[in-house]
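Working notes, structure below.
These numbers come from a predicted model, not from an experiment. No hydrogens, no waters, no symmetry mates; every other heavy atom, side chains included, goes into these values. We're numbering straight along the sequence, starting at 1.
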Amino acid sequence: MEPLTLTDTIQGEEDKKLQKEVKSSGSIPNHIAIIMDGNGRWAKDKGNIRLLGHKEGVESVRDITESCAQLGVNHLTLYAFSTENWNRPSDEVNGLMKLLVNSLKKEADRLHKNNIKLTSIGQINRLPKSCQSQLQEVIELTKDNDRLELCLALSYSGRWDITEAVKKVAQDVADGKVSPDEISDELIGTYLSTADIPDPDLIIRTSGEYRISNFLLWQLAYSELYITKTYWPDFRRNELYQAIFSYQKRDRRYGNVKNGYTKKISASIINKIIS
């Protein structure tokens, strides 16, 4: 497989060794989702305006996307702009939209060259027309790529996602396409914006905040969490490796008992315990 060149740097032997260690220590998450938080605080700590933090965060996106593809992660979803972010000062929002357009223009050929597919979820119609146009152009360019799917959550809200799914289910019930008895977790999942990709195995949140912030609320039901105090502009591949190491140590039971636990309890013991 051709070496990745998203960051325009040649991968060093030390990093190759680290990635080999990550791959050999356990399973690699199929889908990683990241709440990229802390750009503004990173900039403030350095005496700069918030937009400079967002610009530096693009470098982290490149590095994390590249390293995920190198490790064999199949899906990477980045929480780039929430519906709540529209409430920020207009100057910051306008700057973010321009940064998004410029980043998409710069990264289009690079993503395509490296066989990375770009997709998006969210209320894309709320974005400025220039953003919508540039986003669609890159999505179309990379639609057949299959090394890694990079999904940008833009103007996204987990509650919006679920609400829209419920509306679609209700309409199909009204049209006689779906019976109420057929509605299940699996069926609802097919109506979500992420219907074509698996639920995240690992969710990473930077900046040390302990909340989900309205991100993939349905899809994160059984995702493993990794919280770091590192601000997003400083989050690079070495800490990604630590997040995956942490994930590999987890015992993912999905509500079941530990693997191999088959000891039966007699009815008399159960009655004694609960009496």
What are the two closest heavy atoms between [X] and [Y], and how far apart are they?
{"X": "Arg205", "Y": "Arg211", "answer": "NH1-O, 2.8 Å"}
{"X": "Leu51", "Y": "Gly95", "answer": "CD1-C, 3.6 Å"}
{"X": "Ala165", "Y": "Ile188", "answer": "CB-O, 4.5 Å"}
{"X": "Ile203", "Y": "Ile212", "answer": "CD1-CD1, 4.4 Å"}
{"X": "Arg50", "Y": "Gly40", "answer": "NH1-CA, 3.6 Å"}
{"X": "Leu202", "Y": "Ala243", "answer": "CD2-O, 4.0 Å"}

Beyond-backbone contact of [X] with [Y], side-chain heavy atoms, under 4.5 angstrom:
{"X": "Gln248", "Y": "Ile28", "result": "yes"}
{"X": "Lys46", "Y": "Glu56", "result": "no"}
{"X": "Leu240", "Y": "Asp63", "result": "no"}
{"X": "Val173", "Y": "Val178", "result": "yes"}
{"X": "Val61", "Y": "Trp232", "result": "yes"}
{"X": "Asp172", "Y": "Lys168", "result": "no"}
{"X": "Thr194", "Y": "Thr77", "result": "no"}
{"X": "His75", "Y": "Pro198", "result": "yes"}

Keeping the roles fixed (side chain from [X], backbone from [Y]), state whether a donor-acceptor pair exists under 3.5 Å.
{"X": "Thr190", "Y": "Leu187", "answer": "yes"}
{"X": "Ser223", "Y": "Pro200", "answer": "yes"}
{"X": "Ser133", "Y": "Lys129", "answer": "no"}
{"X": "Arg159", "Y": "Asn214", "answer": "no"}
{"X": "Ser67", "Y": "Ile64", "answer": "yes"}
{"X": "Glu92", "Y": "Pro89", "answer": "no"}
{"X": "Glu66", "Y": "Leu6", "answer": "yes"}
{"X": "Asp161", "Y": "Ser193", "answer": "yes"}
{"X": "Gln132", "Y": "Asn125", "answer": "yes"}
{"X": "Ser25", "Y": "Val22", "answer": "yes"}

Are [X] and [Y] linked by a side-chain donor-acceptor pair shorter than 3.5 Å?
{"X": "Asn85", "Y": "Tyr79", "result": "no"}
{"X": "His31", "Y": "Asp199", "result": "no"}
{"X": "Ser60", "Y": "Arg236", "result": "yes"}
{"X": "Gln123", "Y": "Thr83", "result": "no"}

Test: [X] and [Y] ion pair at under 4.0 Å:
{"X": "Glu59", "Y": "Lys106", "answer": "no"}
{"X": "Glu209", "Y": "Arg41", "answer": "yes"}
{"X": "Arg110", "Y": "Glu107", "answer": "yes"}

### Query
According to the interplanar angle, ranging from 0 to 90°, do the rings of Trp160 and Tyr156 count as parallel (below 30°), tilted (30 to 60°) or perpendicular (above 60°)?
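Ring orientation, 0 to 90° scale: perpendicular.
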#### Entry: CA sep, side-chain torsions, deciding dist, call: Glu137, Leu141, side chain to side chain contact (heavy atoms under 4.5 Å, CB included)
CA-CA 6 Å; Glu137 184 177 318; Leu141 175 68; 5.8 Å; no
Pairwise distance [atom1]([X]) to [atom2]([Y]) - rounded to 0.5 angstrom:
{"X": "Ile35", "Y": "Leu78", "atom1": "CD1", "atom2": "CG", "answer": "11.0 Å"}
{"X": "Phe215", "Y": "Met36", "atom1": "CZ", "atom2": "CE", "answer": "8.5 Å"}
{"X": "Thr119", "Y": "Glu149", "atom1": "OG1", "atom2": "CD", "answer": "3.5 Å"}
{"X": "Leu192", "Y": "Gln219", "atom1": "CG", "atom2": "CD", "answer": "5.0 Å"}
{"X": "Asn238", "Y": "Asp15", "atom1": "CG", "atom2": "CG", "answer": "7.0 Å"}
{"X": "Asn74", "Y": "Lys117", "atom1": "CG", "atom2": "NZ", "answer": "12.0 Å"}

### Query
Above 12 or not: heavy atoms from other molecules or residues under 6.0 Å from NZ of Lys23?
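Yes, because the 6.0 Å sphere around NZ of Lys23 holds more than 12 heavy atoms from other groups.
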### Task
Can you establish whether the number of heavy atoms outside Asp196 located under 6.0 Å from its atom CG is more than 12?
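12 or below, so no.
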Is [X] linked to [Y] within one hydrophobic cluster, defined over Ile, Leu, Val, Met, Phe, Trp and Tyr using a side-chain heavy-atom separation of less than 4.5 Å?
{"X": "Tyr247", "Y": "Leu18", "value": "yes"}
{"X": "Trp42", "Y": "Ile49", "value": "no"}
{"X": "Leu150", "Y": "Leu135", "value": "yes"}
{"X": "Leu217", "Y": "Tyr222", "value": "no"}
{"X": "Leu127", "Y": "Val93", "value": "yes"}

### Task
Please report the C-alpha distance between Tyr231 and Asn39 in whole Å, then the side-chain angles of each, then the deciding distance to 0.1 Å, and finally whether the side chain to side chain contact (heavy atoms under 4.5 Å, CB included) criterion is met.
CA-CA 6 Å; Tyr231 293 145; Asn39 291 343; over 6 Å; no
### Task
Apply the test side chain to side chain contact (heavy atoms under 4.5 Å, CB included) to residues Tyr210 and Leu225: give CA-CA distance (whole Å), side-chain angles for both, the deciding distance (0.1 Å), then the verdict.
CA-CA 10 Å; Tyr210 287 82; Leu225 305 178; over 6 Å; no
### Message
Let's go through Lys143 and Glu140 carefully: what are the C-alpha distance in whole Å and the side-chain angles of both, what is the deciding distance for salt bridge (charged side-chain N to carboxylate O under 4.0 Å, His left out) to 0.1 Å, and is it a yes or a no?
### Response
CA-CA 5 Å; Lys143 65 181 181 180; Glu140 180 65 25; 2.7 Å; yes
### Task
Quick one: do Phe81 and Arg88 satisfy side chain to side chain contact (heavy atoms under 4.5 Å, CB included)? Show the steps, please.
CA-CA 11 Å; Phe81 192 84; Arg88 291 184 175 184; 5.8 Å; no
